[in-house]
Amino acid sequence: MHIEESVKLDFKDVLIRPKRSTLTSRLDVDISREFIFRNSHNTYRGIPIIASNMDSTGTMAMAQALSGHGLSVALHKHYSADELADFFLTRHDKGIAASGAFYSMGISQLDFEKLNAVMARTGDTLEYLCIDVANGYTEGFINFVKKVRKAYPQLTIMAGNVVTGDITEELILAGADIVKVGIGPGSVCTTRKMTGVGYPQLSAVIECADAAHGLGGQICADGGCSVPGDLAKAFGGGADFVMLGGMLAGHDESAGELIERDGKKFKRFYGMSSRTAMEKYAGGVAEYRAAEGKDVLIDYRGPVADTLQDILGGVRSACTYVGAHKLKELTKRTTFVRVTQQLNEVFG
Ligand code: 5GP
């Protein structure tokens, strides 16, 4: 048994120290990024925030809403091959950029066959892929990434989830362009509770970004952002992309029934490994496993555009506080200070 003694940090353990700046307004800050991916060689331009491929946030309606602002969505994997093919074939007419929508998949043979069927119909209108498993540490997963890379050299592949530098490097060498980072930090995730496994998200981001950047790859910080300041910390820690579930749930564009109780409106939101999701898609929780996700009712929040304005405004403002003219400069300008307190809770 081995104990790693160095302290690992979560978003709540730090704040970003302000720095002298020549910026006068947050309007002067450019929060878009450009990347040329290591393995696909495609060029990305956009605001590197991605709605999670959960079935409530990874919707086509969300893709339509976010792409107008330069953001992306990882579509959930429960759409049919026909629905996905139609979506990608017509995305251009809907004004959705190539980077506006990732096709998401698991690593079964059926997932591979579905991808082949969709690719055969969509040609080059589908450019971004998200290969997603709860535990990215299995040999089967790495081999699957290699297989997809070999079959589709032109696709930009995001793959995860992992939390350490060694496996980040391995995934990039296997063909991933973007490594998705995060095990256990999600708002409706119970992995840490059920298994005791995980890694504090900010440290995971810092360590995986370092490993990925050394090879010319990118990372996406997935999970654990609960306020706009957490996105600023993720980007400050080296994340190239940030993925959001809970912060984008509960909107008009999110799937799920609208529920009214005592005159208040709510939307249902649940983890993709929750009992609810498994009952919906897998006919129940298999005997050998336990659910690792929550099912919650959250306040209905109207159109996602208003929430977006808050999120993007927060990130822009963080850049002005440290004198970063561009989001790209945020990491270089970030000094984290470790804290024991973050917020004044007088008013809850
Ligand atoms: P959030 O932004 O809500 O904090 O985190 C979103 C992320 O949580 C997702 O992108 C996904 O990686 C993770 N996630 C979603 N559903 C589940 C689940 O049921 N169990 C676990 N362990 N993680 C989940």
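Along the sequence shown, residues carry numbers from 1. Read the numbers this way: they start at 1 and go in the same order the structure lists the ligands and their atoms. Below, each value reflects all heavy atoms present in this structure, side chains not excepted, and no hydrogens, waters or symmetry copies.
Of the candidates C189, A277, G293, G186, it is C189 that places a heavy atom closest to atom 24 (C) of ligand 1. Counting only non-hydrogen atoms, the option in M272, M194, M278 that gets closest to atom 17 (C) of ligand 1 is M272. Distances from atom 22 (N) of ligand 1 to the heavy atoms of L244, T191, V181 show the closest one on T191. Of the candidates M247, R275, E292, K294, it is E292 that places a heavy atom closest to atom 18 (C) of ligand 1.
Note that atom 13 (C) of ligand 1 has no protein non-hydrogen atoms nearby, at separations under 4.0 angstrom.
With salt bridges taken as basic N to acidic carboxylate O contacts below 4.0 Å, one links R149 and D177. By the 4.0 Å N-to-carboxylate-O rule, D86 lies close enough to R121 to be salt-bridged with it. Salt bridge absent: R275 and D295 never bring a charged side-chain N and a carboxylate O closer than 4.0 Å.
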Check against ring pair (Phe, Tyr, Trp, His ring centres under 6.0 Å), F102 and F241: CA-CA 13 Å; F102 286 67; F241 293 84; 7.1 Å; no
From CA spacing to verdict: side chain to side chain contact (heavy atoms under 4.5 Å, CB included), L75, V73: CA-CA 6 Å; L75 295 172; V73 170; 4.1 Å; yes
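Every atom of ligand 1 with a heavy atom of G246 under 4.0 Å away is listed here by number and element: 1 (P), 2 (O), 3 (O). Every atom of ligand 1 with a heavy atom of M243 under 4.0 Å away is listed here by number and element: 10 (O). Taking every non-hydrogen atom of S274 and a distance limit under 4.0 Å, the qualifying atoms of ligand 1 come out as 19 (O). In the vicinity of G271, heavy-atom distances shorter than 4.0 Å reach the ligand 1 atoms 16 (N), 17 (C), 18 (C), 19 (O). Here is the list of ligand 1 atoms found below 4.0 Å of a heavy atom in S52: 9 (C), 10 (O).
Residue contacts with ligand 1, taken as heavy atom pairs separated by less than 4.0 Å, involve N161 solely via side-chain atoms from C-beta onward. Proximity of M54 to ligand 1, defined as any heavy-atom pair under 4.0 Å, is confined to the side chain (atoms from C-beta onward).
The protein atom (non-hydrogen) at minimum distance from atom 10 (O) of ligand 1 is D222 OD1, 2.6 Å. Closest to atom 2 (O) of ligand 1 among all protein heavy atoms lies G245 N, 2.8 Å. Nearest protein neighbour of atom 19 (O) of ligand 1, counting heavy atoms only, is S273 N, 2.6 Å. For atom 5 (O) of ligand 1, the closest non-hydrogen atom on the protein side is G223 CA, 3.3 Å. Of all protein heavy atoms, the one lying nearest to atom 3 (O) of ligand 1 is S187 OG, 2.5 Å.
Not a single heavy atom of A134 lies less than 4.0 angstrom from ligand 1.
Aromatic ring pairs are classed by plane angle as parallel below 30°, tilted from 30° to 60° and perpendicular above 60°; the pair F37 and F35 is tilted. Ring geometry for Y103 against F88 counts as tilted: the plane angle lies between 30° and 60°, on a 0 to 90° scale.
Ligand 1 has a nitrogen or oxygen under 3.5 angstrom from a nitrogen or oxygen of G224.
Screening T276, L248, I298 against F269 for a side chain to side chain contact (heavy atoms under 4.5 Å, CB included) leaves a single residue, I298. Partner L297 forms a side chain to side chain contact (heavy atoms under 4.5 Å, CB included) with one of K264, K267, R261 and no other, that one being R261.
Taking the side chain as every heavy atom from C-beta outward, V242 and V315 never approach each other to under 4.5 Å. The closest side-chain heavy-atom distance from K326 to C319 is not below 4.5 Å.
How far CZ of R316 is from CG of L312: 6.0 Å, rounded to the nearest 0.5 Å.
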